[in-house]
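Have a look at the structure below before the remarks.
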Amino acid sequence: MTLRIGNASGFYGDRFDAMREMLTGGELDVLTGDYLAELTMLILGRDRLKDPDAGYARTFLRQSEECLGLAHERGVRIVTNAGGLNPAGLADAVRRLADRLGIPVRVAHVAGDDLTAAHPGSLAAHAYLGGFGITQCLRAGADVVVTGRVTDAALVTGPAAAHFGWSETEYDRLAGAVVAGHVLECGAQATGGNYAFFRDGDARRPGFPLAELHEDGSCVITKHPGTGGFVDVGTVTAQLLYETAGARYAGPDVTARLDTVRLSQDGPDRVRIEGVCGEAPPPTLKVGLNRLGGFRNEVVFVLTGLDIEAKAALVREQLEPALGKVADVRWELARTDRPDAPTEETASALLRLVVRDPDQGAVGRALSGAAVELALASYPGFHVLAPPGKGSPYGVFEDVYVPHGSVDHVAVLHDGRRIPVPPAHDTAVLDAVPQPSLPQPPEPGPTRRAPLGLVAGARSGDKGGNANVGVWARTDDAWRWLAHELTADRFRELIPESRELTVVRHVLPNLRALNFVVEGILGAGVAAQHRFDPQAKALGEWLRSRHLEIPEALL
């Protein structure tokens, strides 16, 4: 008995026609859509300030207008977290849409994640719920289930538990579903999108992934026939490492052991995942807090030709009086210029100024006026990419943890009945997994200085103020070298930003992978835009571009 679960969205703003593509491209039992992220919750929170009836992903409603009938005709159930901050509101909107279109669908939703009232000063505070509220809705006959802030993997664990009749303590099966859900959650990232070795296949328009999930928790990751992209052990490995840390991947239903995952190619565009072990979940639930941190502004000065450093110093000195009382001032000089450049753009460097302050006026008119006044009175060739504005609000993200029992997790069925979802039956405090044994190092031999990316892939992402960088080898020989060469200290050497930060290395031999967590590199999270790449999306690619001594046998 196989449950085919597909994904049609990896974020709020993903490809609009993916829902139709997934419904018409092949067989499916359940279609999921992941619309939420830390930044999305802040965006939806600001929407709700303007309109109390807002707070959900409106894109889903527009997609449903095109596709709700298709899903009903094909017997595909839809499970989505597009409810955001207002799952009841989106569920009602879907019901009204279905009535208008004459489609007899039963719509349920999951409630209880909203803890904003318990956290004064937060714009949005939401617990990451598990999948058993979804399970209750589906077991009661729902065709569409709308949630708020559940874990991304819950969109798969919930339908799997409903379909296979799993209990809350069947941890190995649930862990297998969590791993499948984690692979699916970011859509095309599992089918060649954002992939280090994208030239291995046709990555121009990747299809969306689906999992053929089995009763024992194992699965095959694949995609509909004829869709773009590709699925192989590498694309699945990359997504498994994305936004994770060590061997224990904790969630509200189960802690999945990533060090037990076994991957194998099961045919073209098919990767089998098996062997996943699960443990009782931790005793607390994660709560994501979003609040307004103040106001920010920025301006990018273009410095062209000679004397780049001196030109940058002049601008800084000229603006210093206007910035004296600003709470946070950051200057970054990106030396994108080249000597004797054939184009003006390649002869230019970028000097970026970012300011933050609780007072909008301090980073608004005061900055924009001072910057604009330099137009005819600063360095030769003065111009900016865009004039600074009036200052925009920015958000701050942090996570806290609360006991399972402090959250009223409720399944609100299509007929209005409210079914409480009990907290986890058993829990276990998360302990570090002992470091596994490393493989034997390669025999000494000649080396050549070359980019790391010639022998290793990487994918990186954000978790609050931290970033993770997963690095994997594609062969056993490369793994023997990588496991010994890329230590936490070597990582700090290659990524200078991390030298004063805590870098924790986790070893995952089954995946031939190392996962690095860089603590604090993203400041107060993506909404604060602390650095050039605020979500650390390209941090892994920067690491791959760095040169080090690599055995010639691997090149």
### Task
Could you tell me whether Glu298 and Arg296 make a salt bridge, using a distance below 4.0 angstrom between a side-chain N and a carboxylate O?
yes
### Query
Would you say the side-chain atoms of Ser460 pair up with the backbone N or O of Ala536, donor to acceptor, closer than 3.5 Å?
yes
### Query
Atom CG in Leu350, atom CG in Leu333: separation rounded to 0.5 Å?
8.5 Å
### Query
When you check the side-chain N and O atoms of Asn515 and Thr244, is any donor under 3.5 Å from an acceptor?
yes
#### Entry: Considering all heavy atoms, the nearest Thr487-Phe516 contact
O-CE2, 3.8 Å
### Query
Do NZ/NE/NH1/NH2 and the carboxylate oxygens of Glu541 and Arg544 come within less than 4.0 Å?
yes
#### Entry: Parallel, tilted or perpendicular: rings of Trp472 and Tyr195 (30°, 60°)
parallel
### Summary
One should read off an interatomic distance between Leu42 CG and Tyr394 OH, to the nearest 0.5 angstrom, of 12.0 Å
### Task
Inspect the contact between Asp17 and Arg20 and indicate whether a charged nitrogen and a carboxylate oxygen are less than 4.0 angstrom apart.
no
### Query
Pro252 and side-chain contact (heavy atoms from CB on, under 4.5 Å): which partner among Leu129, Thr151, Val150?
Thr151
### Task
For Glu552 and Thr447, test the side chains for any donor-to-acceptor distance below 3.5 angstrom and give the result as yes or no.
no
### Message
Assess whether a salt bridge exists between Asp202 and Arg199, defined as any Lys/Arg side-chain N lying under 4.0 Å from an Asp/Glu carboxylate O.
### Response
no
### Task
Output yes when a side-chain donor or acceptor of Asn297 lies under 3.5 Å from a complementary backbone atom of Gly389, and no otherwise.
yes
### Task
To the nearest 0.5 Å, tell me how far Leu241 CG sits from Asn468 CG.
7.5 Å
### Query
Do the side chain of Lys390 and the main chain of Ser368 share a donor and acceptor less than 3.5 angstrom apart?
no
### Test item: Glu38 side-chain N/O and Gly464 main-chain N/O as donor-acceptor pair under 3.5 Å
yes
### Message
Counting only heavy atoms from other residues, nucleotides and ligands, does the tally under 6.0 Å from CG of Leu306 exceed 12?
### Response
no
### Query
Quick check, are the ring centers of Tyr379 and Phe382 under 6.0 angstrom apart?
yes
#### Entry: Backbone of Gly228 reached by a side-chain donor or acceptor of Thr191 within 3.5 Å
no
### Query
For Glu344, does the CD atom sit with more than 12 other heavy atoms under 6.0 Å from it, leaving out its own atoms?
no
### Query
So do the side chains of Pro209 and Lys223 get within less than 4.5 Å of each other, counting heavy atoms only?
no
#### Entry: Any donor-acceptor N/O pair, Arg505 side chain to Ala488 backbone, under 3.5 Å
no
### Task
Would you mind checking if Glu519 and Lys463 are paired as a salt bridge, meaning a charged N to carboxylate O distance below 4.0 Å?
no
#### Entry: Criterion side-chain contact (heavy atoms from CB on, under 4.5 Å) against Tyr12, the qualifying member of Leu39, Leu44, Leu36, Asn81
Leu44
#### Entry: Option among Leu554, Val455, Leu482 that satisfies the side-chain contact (heavy atoms from CB on, under 4.5 Å) test with Asp477
Leu554
